[in-house]
There are 2 protein chains.
Amino acid sequence: MIDDGTPKINKRQQLLETAERLFASEGYDAVTIRDVAKAADMNIAMITYYFGSKEKLFEEIIRTRKPDINEKLIALRDMDITPWEKITQTIDIYIDKLFGRKDFNQVVMREMALKQRPFHVSLVLEMVENNFKIIGDFIREGEQKGVFRYTDVELTTLTLIGSIFQMVNNSSLCGRMLKEEPEAVFSERNKQRLSVHLKSMLQSHLLIKQL
Amino acid sequence: MIDDGTPKINKRQQLLETAERLFASEGYDAVTIRDVAKAADMNIAMITYYFGSKEKLFEEIIRTRKPDINEKLIALRDMDITPWEKITQTIDIYIDKLFGRKDFNQVVMREMALKQRPFHVSLVLEMVENNFKIIGDFIREGEQKGVFRYTDVELTTLTLIGSIFQMVNNSSLCGRMLKEEPEAVFSERNKQRLSVHLKSMLQSHLLIKQL
DNA sequence: AATTGAGTTAAACATTTGATTAAATTAAAC
DNA sequence: GTTTAATTTAATCAAATGTTTAACTCAATT
């Protein structure tokens, strides 16, 4: 047996990772199972063998890679901290989760934008919608406690998440804007920079100045 | 000759519009030229006849539909108005152009996010990047004139445009957030609502209060 | 009336695609 | 060591896809 450095422990896992990466960079429809197999240095039939079909491979990627933002937000909701602290932590949770699984999120965001979505993508869409509702509740809590200005809650949420989505999803455009290599967009430095920016902006937008 | 209400003046134009709509809702790769031909009630060969290929049809959509945001921004740059007025007008220009050509922009945004882009998509990407630079200059002008706070210029631009992109690109998610039908997302009322929100948020973020 | 040429059609072509098969190889169990 | 099951391979299949072809229509021109 030839040991070429890449232990063959888990060909299934290799396929998942390769497919995720290719789907992210070229789009689900543009990637053939032959592309995936070739990039993973395996036979095409391995995909059918492990997953059944291309579609089920995609489904498996979503099932296993879906970030657990929802649980984090629910935990946050029940914590005894100020509404503003909930917002800042929400920002960090989103940045961390979306940057941490950037390939996956690029794939899902692209598929979410399509009209007729496969069932499993609809599930993610529902989760995202649910998360947005929770964030909206954070803002409303601040309004009711008299520490937040009254704003357009839904659109404030949209702006908050949309900025992060945009940076993850269109990294080549952002890379050019930030004068960095496309891959450097996802550096710790830029995660920090985005976090600081969003907190600063939402602070001016939401927080009522203490006189 | 049968006059069925749809004058056959311009089958070429019909193909362009049908293709744009289908590409927007299902994605370029997922749409076959048979789909386009069928939806436009024509023969497949008409696509080759008028455009040469599926790729060139796509190219033609971009060439003819590309919104002229760039010219508007350059005109704005040379106007004798305050930096804040430039920002508010920029917001309205973007909302108007992106909402006005939503199908087109959904297509282009999706293709822009891919790694290896066809040449004509790269051109759009460059135009977008150039527009972002101009908006950044508006903000810097405000900083230098002492009317804007010092902020993260690039990320402020990203947030501004990212919010609009997000609303156009993920209209089904936004529709559910705003409790409207997906198509109603693009109503005049919501354009207005987004405009008000962005101006309000950027005002708190950028403008130094007059004492 | 005959000719021309753009517009249009149905049929076919060569590839590509997702999926399958049956054999071969490897690993595990006994 | 033999048997058994899991993994991997090469070859093949039917359907789908972008493109081409050759014939046909029909209005405008001569």
Side-chain angles (χ1 to χ4, degrees), chain A residues 1-23 25-62 107 111 114 116-121, chain B residues 1-23 25-62 107 111 114 116-121:
Chain A
M1 185 200 299
I2 300 158
D3 185 3
D4 55 355
T6 53
K8 59 191 297 186
I9 18 167
N10 211 342
K11 298 223 170 193
R12 200 186 120 101
Q13 189 62 22
Q14 270 178 257
L15 280 176
L16 279 173
E17 288 169 12
T18 306
E20 184 179 77
R21 182 167 46 81
L22 289 182
F23 288 164
S25 74
E26 304 180 29
Y28 175 80
D29 288 307
V31 175
T32 69
I33 58 174
R34 281 174 180 77
D35 293 334
V36 176
K38 190 171 185 182
D41 200 27
M42 294 183 212
N43 191 285
I44 346 162
M46 297 291 275
I47 291 172
T48 315
Y49 179 70
Y50 279 118
F51 304 101
S53 69
K54 183 190 180 187
E55 178 78 16
K56 284 181 186 163
L57 164 63
F58 181 41
E59 189 180 350
E60 183 70 0
I61 289 176
I62 292 190
V107 175
E111 299 300 318
L114 300 177
Q116 30 74 281
R117 283 163 280 277
F119 173 65
H120 38 284
V121 175
Chain B
M1 186 199 300
I2 301 157
D3 185 3
D4 54 356
T6 53
K8 59 189 294 185
I9 18 166
N10 212 342
K11 299 222 171 194
R12 199 186 121 101
Q13 189 62 23
Q14 270 179 255
L15 280 176
L16 279 173
E17 288 169 13
T18 306
E20 184 180 76
R21 181 167 47 82
L22 289 182
F23 288 166
S25 74
E26 304 181 28
Y28 175 80
D29 288 307
V31 174
T32 70
I33 58 173
R34 281 173 181 79
D35 293 335
V36 176
K38 190 171 186 182
D41 200 25
M42 293 183 212
N43 191 284
I44 347 162
M46 297 290 276
I47 291 172
T48 316
Y49 178 70
Y50 278 119
F51 304 101
S53 68
K54 182 190 179 187
E55 179 77 15
K56 284 181 186 163
L57 164 62
F58 181 41
E59 189 179 350
E60 184 69 1
I61 289 176
I62 292 191
V107 176
E111 299 300 318
L114 301 177
Q116 27 75 280
R117 284 164 278 278
F119 173 66
H120 37 285
V121 176

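- A:A19 and A:I61 make their closest contact through CB-CD1, 3.8 Å (heavy atoms, listed as atom of the first residue, atom of the second, distance).
- Within the 4.5 Å cutoff, side-chain heavy atoms of A:V36 are placed close to those of A:I47.
- One interatomic measurement links the two molecules: CG of A:D29 to C1' of C:dT16, which rounds to 14 Å at whole-angstrom precision.
- Here the P atom of nucleotide C:dT20 and the CE atom of A:M46 are 16 Å apart, to the nearest Å.
- Closest approach to the A:I44 side chain among C:dT9, C:dT21, C:dA19 is made by C:dA19 (side chain taken as heavy atoms from C-beta onward).
- Across A:R117 and A:E111, no two heavy atoms sit closer than the pair CG-O, 3.4 Å.
- Side chain of B:I33, nearest nucleotide from D:dT12, D:dG18, D:dT20: D:dG18.
- At whole-Å resolution of the value, CZ in B:R12 and C1' in C:dT8 are 17 Å apart.
- Contact detail for B:A30 and A:D29: the closest heavy-atom pair is CB-OD2, 3.3 Å.
- The side chain of B:R34 lies closest to D:dG18, out of C:dT17, D:dG18, C:dT8.
- Which of C:dT8, C:dG18, D:dT19 sits closest to the side chain of B:K11 comes down to C:dT8.
- For the atom pair A:I33 CD1 and A:L22 CG, the distance stands at 13.0 Å (nearest 0.5 Å).
- A heavy atom lying under 4.0 Å from DNA chain D marks the following residues of residues 47-58 of chain A, by number: A:Y49, A:Y50.
- Here the shortest heavy-atom pairing between A:E26 and A:V31 reads CB-CG2, 3.9 Å.
- For A:E55, the side-chain contact (heavy atoms from CB on, under 4.5 Å) partners two or more places apart in sequence, or in a different chain, are A:Y28, A:S53, A:P118, A:H120.
- Among the heavy atoms of the strands lying under 4.0 Å from A:V31 are primed sugar atoms or P, OP1, OP2 only; no base atom is included.
- Across the helix from C:dA1-D:dT30 to C:dC30-D:dG1, the helix axis at one end is tilted relative to the axis at the other end by 0° (nearest 10 degrees, each axis from five pairs).
- The nearest pair of heavy atoms linking A:F51 to A:K56 is O-CB, 3.2 Å.
- Summarising the geometry, the separation between CD on B:E26 and P on D:dT17 is reported as 11 Å, rounded to the nearest angstrom.
- Relative to the side chain of A:N43, the nucleotides C:dA10, D:dT9, C:dT17 differ in distance, and D:dT9 lies closest.
- Nearest heavy atom pair, residue A:E60 against residue A:L16, reads CG-CD2, 3.8 Å.
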